[in-house]
Amino acid sequence: MSNEKSSVTVVIPVYNERDNIPELLERTTRACRALARPWELILVDDGSRDGSTEMLAQAAHEHPGEIKVLLLNRNYGQHNAILCGFGAAQGDILITLDADLQNPPEEIGALVAKIDEGFDVVGSIRQDRQDALFRKVFSGIINMMVRKSTGVKLRDYGCMLRAYRRRVVDAMLSCRERHTFIPVLANLFAKRVTEIPVGHAERARGTSKYSVLNLINLQFDLLTCMTTAPLRMLSWIGAGISALSIGFGALLLVLRVVYGSEWAENGVFTLFAVAFFFIGAQFVALGLMGEYIGRIHADVRERPRYIVDRIVGETLGERQMIQVGLAHTPRVG
Ligand code: UDP
Ligand code: MG
């Protein structure tokens, strides 16, 4: 359980948000000051080309110790920018937020309060969401899929106004995957997760940085970061096709005996049954390969296998502490 004074880091990815930056900084710093505890604001410029970079740099100069700015050398995407910010963060509680003011910074206090209650991750549900209809429908379907496959019953995975406890973020940072979807990844390492309702505004200024193609890519990131079920599905589809073709073959045999060879087009139908059987078998083989690929995928991500919260009773030796992940390996050289 965190104590009263746990510090807060707010991480905001920024990509071509020139017109939103002044209001964003104003409202976010005000919300942070109202927390009455140590805080820092980390802005990660994701390769902006509209002058946002210079504005952020200036803000960092004007507010040393409060505003920190990381400039990426090109555009790496929202989630990578956030991970970069996490890497630089010092706070015990980490908050993410969009730069376009769709998420009100005034809600930061409510998120922090929930973490203080003992939750590891606090999400938010956009009330009266102000996005295009197709985005809302699409996001509804995705949220349902995520709920089904992760078993974590959150309502709104798309909303980036979220709070994470430090150890969840550390676990996320130790994952070696390139493509990821932070809210889903966080659930892997969180014991107590909750959501609070927050307001949602239309994008204050500028346009969405996600084209339809980008959105589709993002859904693939979400899917692959969450499950290898589609690979496994190949085997099931293949087994289904093969089983059906055997039934089809048996049916043909019976009909052939009853109606004679004329009816069966001299074996053309039988060929179909044979062909379906092998098509099915190919799917099974693909699915089998998928199982191996899924395992390779899991291995290369190097996600932590577990996180130890604390040790009760006798403390461990230095080496043992490192082995269970409670201490960092000393750097060599
Ligand atoms: N963003 C980013 N890099 C990108 C795309 C977006 O850092 O490649 C930031 C963007 O500046 C904003 C947040 O991610 O702070 C969410 O983007 P946007 O509002 O365009 O997404 P939408 O609300 O349309 O889902
Ligand atoms: Mg937005």
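Just so you know, ligand 1 is whichever comes first in the structure, and atom 1 is the first atom listed for that ligand. Starting from 1, each residue takes its place in the sequence as its number.
- Taking the six-membered ring for Trp and the full ring otherwise, the centers of Tyr157 and Phe181 sit at least 6.0 Å from each other.
- Remark: His179 NE2 is loosely packed, at most 12 non-hydrogen atoms of other residues, nucleotides or ligands lying under 6.0 Å away.
- Of all protein N/O/S atoms, those lying under 2.8 Å from the Mg ion (ligand 2) come to 2.
- Sparse packing is recorded around CZ of Phe276, with 12 or fewer heavy atoms of other residues, nucleotides or ligands lying under 6.0 Å away.
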For this session: In sequence, state the C-alpha distance, the side-chain angles, and the governing distance for Arg37 and Asp92, and then conclude on salt bridge (Lys or Arg N to Asp or Glu O under 4.0 Å).
Result: CA-CA 11 Å; Arg37 58 172 89 203; Asp92 307 314; over 6 Å; no
Exercise. Passes salt bridge (Lys or Arg N to Asp or Glu O under 4.0 Å), Arg203 versus Glu17? Steps please.
Worked result: CA-CA 11 Å; Arg203 192 170 231 290; Glu17 303 280 4; 2.9 Å; yes
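- For residues 227-241, the pairs satisfying salt bridge (charged side-chain N to carboxylate O under 4.0 Å, His left out) are Arg232-Glu291, with sequence neighbours left out.
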Problem set entry | Test side-chain contact (heavy atoms from CB on, under 4.5 Å) applied to Ser6 and Arg166, step by step | CA-CA 10 Å; Ser6 47; Arg166 158 63 56 192; over 6 Å; no
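- At a threshold of 4.0 Å, the pair Arg33-Glu66 counts as salt-bridged, since one of the basic side-chain nitrogens sits closer than that to a carboxylate oxygen.
- By the salt bridge (Lys or Arg N to Asp or Glu O under 4.0 Å) test, Asp221 is found to be paired with no residue, residues two or more places apart in sequence or in another chain being considered.
- For a heavy-atom separation below 4.0 Å, the residues in contact with ligand 1 are Pro13, Val14, Tyr15, Glu17, Asp46, Asn75, Gly77, Gln78, Asp98, Ala99, Asp100, Gln102, Arg135, Arg203, Ser208, Lys209, Tyr210.
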